Every structure is written in structure tokens, then in C-alpha cells.
J.: 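Sharing a structure below in C-alpha cells format, with a few things to ask.
Throughout, a chain's letter reflects where its sequence line sits, starting with A, and its residues are numbered from 1. Remember, it's a predicted structure, so these values are computed and weren't measured experimentally.
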There are 2 protein chains.
Amino acid sequence: MPAHKKKLSEKIDLGGGHRMTPQRQVVYDVLMSSRDHPTATEVFIRVQEKMSSISLATVYNCLDTLAVAGIVKQVNLDREPSRYCGNLAPHAHFHCETCATVMDIDLKDGVEPSSSVKLPRGAKIQKVEVEVRGKCPECVRTEKKKDTL
Amino acid sequence: MPAHKKKLSEKIDLGGGHRMTPQRQVVYDVLMSSRDHPTATEVFIRVQEKMSSISLATVYNCLDTLAVAGIVKQVNLDREPSRYCGNLAPHAHFHCETCATVMDIDLKDGVEPSSSVKLPRGAKIQKVEVEVRGKCPECVRTEKKKDTL
DNA sequence: TTTTTATCAAGAACTATTCTAAATAATATT
DNA sequence: AATATTATTTAGAATAGTTCTTGATAAAAA
Ligand SMILES: [Mn+2]
Ligand SMILES: [Mn+2]
Ligand SMILES: [Zn+2]
Ligand SMILES: [Zn+2]
């Protein structure tokens, strides 16, 4: 079952004496129930529909706690606000420069993302990030439609 | 001849009615004469040694103009301040989490960096960025030395 | 020269994010 | 249970990198 379809309100262990509070749960649920990559402010807006009393500071706190606990991912693209992602599987991101959408890209089976670069010998690799920028299929289609008018 | 060893004060065309002013030239020279990836503030400090009257705002303006003209690269890693790079050849970046150094990584010949991901069909790819995080060779060595004490 | 356009510089403004401090709530200890 | 300890939430202040504004300066064009 894909992560984003997991039953909501599932109790998760955060470890390190951290509690899964109602605020953290609702932030977590919002991320797990969406495939897009909302910013903290967008998460805040979505969370408010379920818990109108929550503050933006708490959303930032919760996102950080969840990210440090490793149950959500913080996605940083360029100079833009951080986005958050509930997809824990290793994956890359496609960033559409036309509509600003961020979408997950699967990795090809058996191909390490690091295999295209000459890793510095003696270095200890912790993480490899691949980011693709361009025009998403939908925007390419819209563009072409415009051409034929 | 590698880009960073080019003769300094080389006159460059910026295109689009833009002038290579003394300020832009000195900012450009600073980037071309270093292999590290300085932030705008670090560039500012280095530039001041040659031109003490320059302002930080102008350094930001110059860096932006040079980057838009495509003769330097803006490098954005995580939430940190932007860094700037005079290496125009396609390359990736290694970011040491211990000493914060950013170094260039060459791409393997004949291997597209995009080959490790399942590109969305119909998308128009403009740029693929690969970022490696971990511990650089020097920091790995320092760490090991500490172990044997 | 006169006019136009580009650039510079200083500081204000902006924005995403973090910090502070007080209130609240959960947990542990007695 | 009562108390003490610790974690969490919250609003707002503070921070930091960057961008914007505006008037001065300089270069280019006419
Ligand atoms: Mn993702
Ligand atoms: Mn570089
Ligand atoms: Zn798009
Ligand atoms: Zn290092």
C-alpha cells in the first residue's frame, strides 16, 4: 500500500521522548494525504480546516519534529520556501518552472543516483539529491495548444 | 586551460546592453580566481580588498547580472545562503556536513545525470542538479585520527 | 551638448524561518 | 492523588539573506 494511502490517524512513534500530539498528528495526516509538496504555510492552511486553533509556529515546530524523526521529508529547491513530502521512498523531484509544481520522480531500478558523478575518493556519502527542472507534461501540452491557435 | 586559471581582467561580453563595469569585473575576477563557492557576503569581503568603496547591494546586483548572463553559476544548497561558482562546465556539488565546504564533482563521461531517474514522459527537461552531502575526505581523515588517540 | 539609459549605493523593506517567554498539557515521582 | 518535571503550544519579537526603492553618478546615444 503506498504511503500516501495509509489509513489516516495512524499512531506513529517519534522516538526520543517525543509525543505524537494532536497537532503533530494532524500535520502528519495532511502530508500523508497529499501527493503534492506543500510549503509550511500551505500545510498551515490545510491543517486549520481540521484544527482552527493551531498556530503557524506550531506547524513549523511539528514539521521540524516529524522531519528530524524521519517520518516526513523536507524538500529544499532553490531559494524557495521549504516544501514537505510524505513519500519516504528514495526518489527525486521534478520542478516545473512554468506552474511551480513539484512532483516525485521514481529512481530507475538498480541505478544509484550517485553513479553519474565521480565521487571524491575517501569521502563518506550520506545523501544524494537529484533535482530536475523544466516544463511539466501538462504545461508542455498547454504550450503546444497555444501554438496551434 | 581550466576556467579558474583564465587570465584575470579578461573583458567579457554580457549581452543585452549590459556593460562590464569595474564593479562587475572585480566580482567576476574574484569568482574566477577561486575554486571554492563563496557566498555573496564572502565575495563582498574579497572584492573590498580591491575596491573598498563597493557596496554589498552592488555585489548582489553584480552576482545576479553575471548569473543571468550565464558567465557564473548560482549554487543553492538547502536553506543556506546562495553560493557562487565560476566553473561553467556541467558538474555536481559535494557538500561536507562537517566543515561546510562545497566542492565541485565532475560528471562521469558519457553518463547523463538524468539517467538514474524515470523522467516524466512529455516533460521538457531544462536542467538536472545533483547534490551529494556527506563528509569530505579531509574530515574523514581527521575523524579517523581522533579514533586512534 | 543634451538626452537617454544603465549602474551604483545606502538603507528600507520583505519574507521565510527561528527564537523567546509565558501558558498549558502530559508524564513521572512521591 | 498531589507534586514536580518535562514537553509542547502559542503569539509575537527577532533574525538573516535577499530584494526593492530612490536619488546620485556615469556611460552611451543622439
Ligand atoms: Mn517528494
Ligand atoms: Mn561549482
Ligand atoms: Zn507545469
Ligand atoms: Zn569537510
J.: Whole angstroms only, please: what is the CD-P distance between E42(B) and dT18(D)?
T.: 11 Å
J.: For the pair made of CG in N76(B) and C1' in dT18(D), what is the distance, rounded to whole Å?
T.: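 Whole-Å distance recorded here is 12 Å.
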J.: Between Y60(A) (OH) and dA14(D) (P), how many Å, whole number?
T.: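 Computing the Y60(A):OH to dA14(D):P distance gives 19 Å.
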J.: In whole angstrom, give the distance that lies between atom CD of Q48(B) and atom P of dA10(C).
T.: 10 Å
J.: Would you mind checking if K127(B) and E129(B) are paired as a salt bridge, meaning a charged N to carboxylate O distance below 4.0 Å?
T.: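 Yes, charged N to carboxylate O under 4.0 Å.
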J.: L56(B) CG to dT18(D) P: how many Å, rounded?
T.: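 Whole-Å distance recorded here is 9 Å.
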J.: Considering only NZ, NE, NH1 and NH2 on the basic side and carboxylate oxygens on the acidic side, decide whether D104(B) and K118(A) come within less than 4.0 Å.
T.: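 No.
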J.: With a 4.5 Å cut-off on side-chain heavy atoms, are Y84(A) and V75(A) touching?
T.: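 Not in contact.
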J.: Could you list, one pair per line, each protein nitrogen or oxygen that sits under 3.5 Å from a nitrogen or oxygen of nucleotides 1-8 of chain C, together with the distance?
T.:
{"residue": "dA6(C)", "atom": "O4'", "partner": "R19(B)", "partner atom": "NH2", "Å": "2.8"}
{"residue": "dT7(C)", "atom": "OP1", "partner": "R19(B)", "partner atom": "N", "Å": "3.0"}
{"residue": "dT7(C)", "atom": "OP1", "partner": "R24(B)", "partner atom": "NH1", "Å": "2.4"}
{"residue": "dT7(C)", "atom": "OP1", "partner": "R24(B)", "partner atom": "NH2", "Å": "3.3"}
{"residue": "dT7(C)", "atom": "OP2", "partner": "H18(B)", "partner atom": "ND1", "Å": "3.2"}
{"residue": "dT7(C)", "atom": "O5'", "partner": "R24(B)", "partner atom": "NH2", "Å": "3.4"}
{"residue": "dC8(C)", "atom": "OP1", "partner": "T21(B)", "partner atom": "OG1", "Å": "2.6"}
{"residue": "dC8(C)", "atom": "OP1", "partner": "Q23(B)", "partner atom": "OE1", "Å": "2.9"}

J.: Could you pull out every donor-acceptor pair under 3.5 Å between side chains of residues 132-139 of chain A and any protein atom, sequence neighbours left out?
T.:
{"residue": "R133(A)", "atom": "NE", "partner": "D78(A)", "partner atom": "OD2", "Å": "3.2"}
{"residue": "R133(A)", "atom": "NE", "partner": "E131(A)", "partner atom": "OE2", "Å": "3.2"}
{"residue": "R133(A)", "atom": "NH1", "partner": "E97(A)", "partner atom": "OE2", "Å": "2.0"}
{"residue": "R133(A)", "atom": "NH2", "partner": "D78(A)", "partner atom": "OD2", "Å": "2.7"}
{"residue": "R133(A)", "atom": "NH2", "partner": "H95(A)", "partner atom": "ND1", "Å": "3.3"}

J.: What integer distance in Å separates L63(A):CG from dT9(D):P?
T.: 12 Å
J.: Do the rings of H37(B) and H93(B) sit parallel, tilted or perpendicular, given the 30° and 60° boundaries?
T.: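 The arrangement is perpendicular - the two ring planes meet at more than 60°.
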J.: Walk me through it: do D29(B) and R46(B) pass the test salt bridge (Lys or Arg N to Asp or Glu O under 4.0 Å)?
T.: CA-CA 10 Å; D29(B) 290 349; R46(B) 295 177 197 182; over 6 Å; no
J.: If you look at every strand shown and take non-hydrogen atoms under 4.0 Å, does T39(A) touch a base, only sugar-phosphate, or nothing?
T.: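 Counting heavy atoms under 4.0 Å across all strands, no contact is made by T39(A).
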J.: Students often get this wrong, so: under 4.0 angstrom with heavy atoms, is S82(B) touching a base, only sugar-phosphate, or nothing?
T.: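 Here S82(B) touches the backbone only, sparing every base.
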